[in-house]
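Naming convention: chains lettered A, B, ... in sequence-line order (proteins, then strands); numbering from 1 in each chain. Below, each value reflects all heavy atoms present in this structure, side chains not excepted, and no hydrogens, waters or symmetry copies. Just so it is clear, the model here is predicted, and its values are computed rather than measured.
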Amino acid sequence: MSLLTPEEMSLKVQNLTVRYKTGKGVLSAVDSVDLELVKGKIYALVGESGCGKSTLGLSIPRLLPEDQVEYSGKIIYKGTDILSLDEDGLERVRGSEFASIFQEPLTSLNPVYRVGEQIAEALSVRASRQGYYTGGPVQKPSAAKRLFGFGTDSLKGYSSNLRRFFPRVYDLLEEVWIPSPRRVAEMYPHELSGGMRQRVMIAIALAGSPEFLIADEPTTALDVTTQIQILKLIKKINKEFEMGVLLITHDLGVVAAVADYALVMYAGRIVEEAPKDELMQNPLHPYTQGLISSFPKGRKKDYTLTSIPGTVPPLGMYPSGCRFHPRCPRALAGCPTQVPPIVEVSKGHRVACLLYGGA
Amino acid sequence: MVKLFPVKTGLTETILRRTPDQVHAVEDVSFQVMKNETLAVVGESGSGKSTLGLTTLRLLDPTSGKIWFDGQDISTTPESSLRSVRRHMQIVFQDPSSSLDPRQSVFNSVAEPLGAAEDTGAARKKELVAEALKAVGLSESQMKLFPHQFSGGQRQRIAIARAVILRPKLIVLDEPTSALDTSVQSQILLLLQKLQKDFSLSYMFITHNISIANYLADRIAVMYLGKMVEVASTSELIDNPLHPYTRILVSSVLEPGSTTGLKDVEVRGEIPSNIHPPTGCRFNTRCPYAKEKCSTEEPEQREVRPAHFVSCHFAEEIAAGVNN
């Protein structure tokens, strides 16, 4: 295993376009996107519903249904274009290089297996990829054994293949701040709270020892106090394992709390990107400005909230030129016809808007 | 003016044993909503805030306790007699896709309360619907369209039009912006502000979002596991939270432009079940200040500061920083 520099370990998305084949024709959800994720940093991909952020997040490990999607452009990682990989190549990338967690852990976790076993399975897959002997293919206990359950020996229900991973399972559960790991490992997903389930998902993600974590709205379905716990956990993982994180969210508060770098998406395009503090203090794109000022930050007696007029255009009905122009309070004459090029305004701060050049 | 007193609602869950388990959705809650005011009811899952909203309007019946509306006791009024009161109390739900009948035109949905409340002629109905649509920023020409032809934000406006058409006194809003995109959320909040002014409305605004409560509400009531743990004016509650749960909740708020990142908020444990809530103070299992008394004795709601009510045995000590 060669030691690569953080730059060599980075993920470079180049001119990526992702199109869905729909009943209304082939519609592009992600349009000519360039982005770079450097290992060890937390990137927030911000946008409202339908902007393409989830599509972009799913594209990196190629988790979209291949028969319904068309890609163009490149996703370069460790010298390889992920878009050119076959299933075998992808198997090596998913989980071991990129792990994903999603909004609703109930749909990601298998309801009929205990969580400890699901984590053990992830460990087993990783071990077999690395060439370690795992005792052959993973054998699950027979249905009859499962149905009648077992006694107090918690590990009795598992095949010997998975048993060997359990010490590490308990380690991982502790790593994600789950109390009483031995007890929780025996539980089924439905017996756990939303916050616990999401932590189990993170444990499964960690099991692969990935370089990057792609988290798609990981805290949106959780209570406010649970959200804090999960975000703290993600930050801890980022620091401890130098794991790059792509955090997809619509919540600017979350961005402010954890991101190093923020990218704003609108209608399939990245409209602005900058280090988090720079973006919050000096937003350049009118959409970013609108988004930040429509977040209530004071009381009605002290100030009036502002909002962005109009609504987000649906897929396939994107305006020409700059897609934000019909809602933009500062639109110029050229905006309806010209796609604004990305301009670097200051170090690390890029914006796609004719107000800043490129006209 | 709307006044409410102890409302105890237990929703019976499954009967697996001899004594049926009950979900203690709302327990011993007393509060008031004044004319022209916005009271935000804030809480997380299992807090009972939605149940409280529905029960206030008698959409659910309270297990015990009283509800006064405009001086009238409506706690046990039979359905048939409630009609005349109902026109003054309306509701807006979280999901505009499920609260609007997809097979009814906008006109029919918005006009529906008119049919229930009084006999209005067709021409007058059309007039009132047009007025209501205009008030929420939609146009008369959209009357014949159907919900699926609108965006989420627009559908919520339709639901609001339906709620204001009878010029009610009180509107209960249950997470009205939670299902909407951020940029649309603020449009709806501004609309609600405007309507409150134009029509002298009172709002009971149920939300988990403290930033919104801070912006829109005059007073905030905090709920935890069926209990109302703190009530105060917005500035009092946010700037001087007294209940340990409120303090955690307020420090869990994340806002753009904040430079403190994830503050040193210690959030312990998880929300317990409300079928078998903890004994004594329901928050005691997670409270950093809990003492023995907290697990045996339920705290009473007390006025610890002027017009600032808290249910905590040690509110004063905690505030003074003495109790650790």
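The interface of residues 216-226 of chain B with chain A, defined by heavy-atom distances below 4.5 Å, comprises Leu216(B), Ala217(B), Asp218(B).
Options Arg327(A), Lys300(A), Lys301(A) differ in how many heavy-atom pairs under 4.5 Å they form with chain B, and the most are formed by Lys300(A). Top candidate by heavy-atom pairs under 4.5 Å with chain B, chosen from Ile308(A), Leu305(A), Val312(A), is Leu305(A). Comparing Leu279(A), Leu222(A), Asp302(A), Leu231(A) by how many heavy-atom pairs each has under 4.5 Å with chain B, the most go to Leu231(A).
Heavy atoms of Gln229(A) lying under 4.5 Å from chain B belong exclusively to its side chain. If you measure heavy-atom distances from Thr225(A) to chain B, the contacts under 4.5 Å come from both the backbone and the side chain. With a 4.5 Å cut-off on non-hydrogen atoms, Ser293(A) does not touch chain B at all. For a residue to count as touching a neighbouring chain, one of its non-hydrogen atoms must lie under 4.5 Å from one of that chain's; by this rule Ile271(B) touches chain A with the side chain only. With a threshold of 4.5 angstrom between heavy atoms, Val254(A) approaches chain B through its backbone and through its side chain. For Leu190(B), the part lying near chain A is the side chain, with the backbone staying farther off; criterion is any non-hydrogen pair under 4.5 Å. Heavy-atom distances place the side chain of Gln193(B), and not its backbone, under 4.5 Å from chain A. In this structure, chain A has heavy atoms under 4.5 Å from both the backbone and the side chain of Gln187(B). Only the backbone of Pro309(A) comes within less than 4.5 Å of a heavy atom in chain B; its side chain stays farther off. Using a 4.5 Å cut-off between heavy atoms, Ser211(B) touches chain A through backbone and side chain atoms alike.
At a threshold of 4.5 Å between non-hydrogen side-chain atoms, the residues Glu278(A) and Pro275(A) count as touching. Residues Lys227(B) and Glu27(B) form a side-chain contact, since some pair of their non-hydrogen atoms from C-beta on lies under 4.5 Å apart. Inter-residue side-chain proximity for Phe295(A) and Asp251(A) is flagged as met; some heavy-atom pair is nearer than 4.5 Å. Within the 4.5 Å cutoff, side-chain heavy atoms of Val115(A) are placed close to those of Pro189(A).
Of all non-hydrogen atoms in Pro286(A) and Arg330(A), the two that sit nearest each other are CG-CD, 4.4 Å. Closest approach of Pro179(A) and Met196(A) over heavy atoms only: CD-SD, 4.4 Å. Closest approach of Glu175(B) to Lys49(B), counting heavy atoms only: OE2-CE, 3.5 Å. For the residue pair Phe146(B) and Pro102(B), the shortest heavy atom distance occurs at CD2-O, 3.7 Å. Considering every non-hydrogen atom in both Leu56(A) and Val30(A), the closest pair reads N-CG2, 3.9 Å.
Under the 4.0 Å criterion applied to side-chain N and carboxylate O atoms, Glu217(A) and Lys53(A) are assigned as salt-bridge partners. Ion pairing between Arg305(B) and Asp239(B) fails under the 4.0 Å rule for side-chain N and carboxylate O.
Partners of Tyr303(A) by ring-ring contact (aromatic ring centres under 6.0 Å, His included), not counting sequence neighbours, listed by chain and number: Tyr215(B).
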